[in-house]
Amino acid sequence: MKENTKKGVSRREFLGLSALGLASLTILPSWAIDGVRIAPSDRVVLGFIGLGQQALSDFKGFAACPGVQVAACCDVDTMKTERFRRRVAEWQASKGMNQRCDQYEFYEDLLERKDIDAIEVATPDHWHALATIHSCQSGKDVYCQKPLAYTIAEGLAMVKAVRNNKRVLQVGSQQRSSREFQAAIDMVQNGAIGHIEKIYARVGEPPTPLSLPEMPVPANLNFNQWMGPLNDPKIHYHPDLCPPISLDPEENEKLWGAWRWYQETGNGYTADWGAHMFDIAQAAIGMDGSGPVEFTPKGYNGTQYSTMRYANGIMMTEQPYLEDNPDAQGIKFTGDNGWIEVARGYINCSDQSKIPADLKNLIEKRPRMMTPEER
């Protein structure tokens with residue numbers, strides 16, 4: 001197992017060499033993409049922390065934005081760092097940019113960079129808080145993948161760091177932008193089904209105890225650093241937690257990191273898909289800047305479903321909303337004048353005339369339990 005140490009040069013030497021190496025990126029008088037000159041005030045230089053499948057997907061989105069450059073990347077798996085560097089270099093070459101994306105194992109070293117404006121945090125959930133807080137303290141804005149934090153205390157600390165350092169933090173939650181969910185939010189807020197009385201939000205089951213057998217840690221992975229703030233002796237390496245890849249030829253992960261599904265390393269479907277579905281429900285009832293005043297977990301005092309109660313009296317339960325399809329993830333708003341159901345690729349209403357014309361083709365779609373790859 002690798003030790004959490006850097007080799008070759010001291011931290012002082014490293015920073016000195018980095019400062020010299022950054023000059024070419026920092027003081028270039030001009031920068032062009034596709035032959036179009038980009039003014040310094042229109043540039044956003046990014047660094048990526050966490051380089052799995054989500055980071056690769058997000059990189060494609062960022063790369064489509066004019067004025068974006070990617071200067072550095074960091075991961076505890078050196079093979080994933082190299083894969084990401086190759087993707088960035090290929091994109092840079094296609095745009096006529098200087099082909100450079102520096103690689104790091106420890107994100108603190110990346111954050112010392114003065115030429116980087118913003119950081120993407122796409123690590124496992126248990127690293128979101130520290131990486132985001134340290135990014136803010138180093139003067140960077142942050143795009144952090146959902147769910148924002150591993151615990152409530154971490155989330156509060158992240159908000160405090162953003163405000164104290166006057167930074168911008170955005171949480172990656174693409175479902176909020178989907179047309180069917182935007183329509184459902186608008187319909188609820190415009191009174192299409194009257195006063196909301198109850199919300200059913202099906203996301204999936206809580207995490208279970210870690211049941212994967214221990215296996216040898218590959219040489220390219222610093223598993224000590226991957227665990228980071230986790231402090232549980234029961235946690236050990238298994239490739240499902242950190243899905244392996246190969247480079248020559250390139251073979252990507254065969255599954256999304258299974259750390260999500262275990263109590264020792266994640267929060268199960270409750271966080272992974274709750275960050276999507278609970279988010280939509282809260283937006284619809286005007287609770288974007290707040291949250292439930294009471295939460296009762298499944299099984300507590302015989303409670304059948306996890307339940308959230310809001311200050312306005314609305315109750316939301318994590319339970320099936322379709323009798324003939326109980327595992328389908330999605331939301332059902334029930335009001336005193338009807339109901340609205342919404343899921344990915346699906347929307348329906350007790351009064352179908354209130355559904356926007358461009359979404360009526362989704363009424364007959366069948367919602368389902370989404371796969372991890374569709375998260």
Side-chain angles (χ1 to χ4, degrees), residues 1-11 13-15 17-18 21-22 25 45-60 62-63 69-93 98-113 115-116 119-128 130-131 134-135 138 145 212 214-230 235-259 265:
M1 183 178 293
K2 284 184 165 184
E3 296 296 327
N4 186 4
T5 58
K6 296 182 281 291
K7 299 179 176 66
V9 295
S10 70
R11 183 172 180 82
E13 292 169 332
F14 175 84
L15 295 177
L17 292 171
S18 296
L22 292 180
L25 284 176
V45 181
L46 298 178
F48 281 71
I49 301 174
L51 306 175
Q53 285 294 297
Q54 190 63 55
L56 293 178
S57 175
D58 290 347
F59 164 66
K60 290 181 181 179
F62 285 126
Q69 176 59 294
V70 179
C73 60
C74 173
D75 199 278
V76 297
D77 185 330
T78 56
M79 293 184 71
K80 292 180 181 178
T81 311
E82 174 60 17
R83 175 183 65 179
F84 190 85
R85 185 203 64 79
R86 292 182 185 184
R87 299 280 181 94
V88 172
E90 182 180 359
W91 165 69
Q92 290 170 332
N98 178 38
Q99 296 176 49
R100 178 171 178 175
C101 179
D102 296 333
Q103 300 164 264
Y104 298 91
E105 182 177 3
F106 302 96
Y107 73 79
E108 296 92 340
D109 295 329
L110 185 155
L111 295 181
E112 295 283 355
R113 301 266 303 248
D115 63 321
I116 292 177
I119 298 294
E120 150 116 356
V121 177
T123 63
D125 298 352
H126 64 270
W127 266 114
H128 283 189
L130 285 176
H134 292 155
S135 295
S138 67
Q145 267 300 328
L212 299 171
E214 184 172 4
M215 298 184 69
V217 180
N220 55 286
L221 175 67
N222 185 339
F223 190 64
N224 268 346
Q225 183 68 2
W226 181 89
M227 288 194 294
L230 296 177
I235 300 173
H236 50 251
Y237 172 77
H238 184 280
D240 283 5
L241 296 178
C242 312
I245 67 168
S246 60
L247 292 175
D248 299 305
E250 182 177 297
E251 185 173 344
N252 295 322
E253 297 91 335
K254 289 184 169 59
L255 74 160
W256 288 82
W259 49 263
T265 54

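We're numbering straight along the sequence, starting at 1. In this text the structure is predicted, and so the values were computed from the model without any measurement.
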Subject >> Interatomic distance, L51 atom CG to T81 atom OG1 [nearest 0.5 angstrom] >> reply: 5.0 Å

Original post:
Do the side chains of Y104 and R113 get nearer than 4.5 Å, heavy atoms only?
Top reply: yes

Subject >> Test item: P229 and W127 side chains (from C-beta on) under 4.5 Å apart, heavy atoms >> reply: yes

Original post:
So do F59 and E120 actually touch side chain to side chain, heavy atoms under 4.5 Å?
Top reply: no

Original post:
Under 6.0 Å from the CD atom of E90, do we count more than 12 heavy atoms belonging to anything else shown?
Top reply: no

Original post:
Do the non-hydrogen side-chain atoms of F223 and I235 ever get within less than 4.5 Å of each other?
Top reply: yes

**OP:** Would you sort out whether Q92 and Q69 count as a side chain to side chain donor-acceptor pair (under 3.5 Å), showing the intermediate values?
**Re:** CA-CA 8 Å; Q92 290 170 332; Q69 176 59 294; 3.0 Å; yes

**OP:** Give, for atom OG of S138 and atom CD of E112, the distance between the pair rounded to the nearest 0.5 Å.
**Re:** 8.0 Å

Subject >> Test item: T123 and Y107 side chains (from C-beta on) under 4.5 Å apart, heavy atoms >> reply: no

Subject >> From S57 atom OG to Q145 atom CD, the distance as rounded to the nearest 0.5 Å >> reply: 8.0 Å

Subject >> Backbone N/O of M215 and side chain of H236: donor-acceptor pair under 3.5 Å >> reply: no

**OP:** Kindly compute the distance separating CD (E105) from CG (N222), expressed to the nearest 0.5 Å.
**Re:** 4.5 Å

Subject >> Side-chain donor/acceptor of S246 to backbone N/O of P249, under 3.5 Å >> reply: yes

Original post:
Hey, what do you get for CG (L46) to CZ (F48), rounding to the nearest 0.5 Å?
Top reply: 5.5 Å

Original post:
When rounded to the nearest 0.5 angstrom, what is the spacing between CG in D248 and CE in M79?
Top reply: 8.0 Å

**OP:** Test side-chain contact (heavy atoms from CB on, under 4.5 Å) on F84 and D75 and set out the steps.
**Re:** CA-CA 10 Å; F84 190 85; D75 199 278; over 6 Å; no

**OP:** Could you pull out the closest heavy-atom pair between P239 and P244, with the gap in Å?
**Re:** O-CD, 3.7 Å

Original post:
What closest approach, in Å, do C73 and C101 show between heavy atoms, and which atom pair accounts for it?
Top reply: SG-SG, 3.8 Å

Original post:
Pick one: which of K80, Q53, E251 meets side chain to side chain contact (heavy atoms under 4.5 Å, CB included) with I245?
Top reply: K80

**OP:** Kindly state whether the ring of H126 and the ring of W226 have centres lying under 6.0 angstrom apart.
**Re:** yes

Original post:
Under 3.5 Å, is there a donor-acceptor pair between the side chain of W259 and the main chain of C242?
Top reply: no

Subject >> Pair D77-R83, salt bridge (Lys or Arg N to Asp or Glu O under 4.0 Å): steps then yes or no >> reply: CA-CA 10 Å; D77 185 330; R83 175 183 65 179; over 6 Å; no

Subject >> Min side-chain heavy-atom separation P218-Y237 under 4.5 Å >> reply: yes

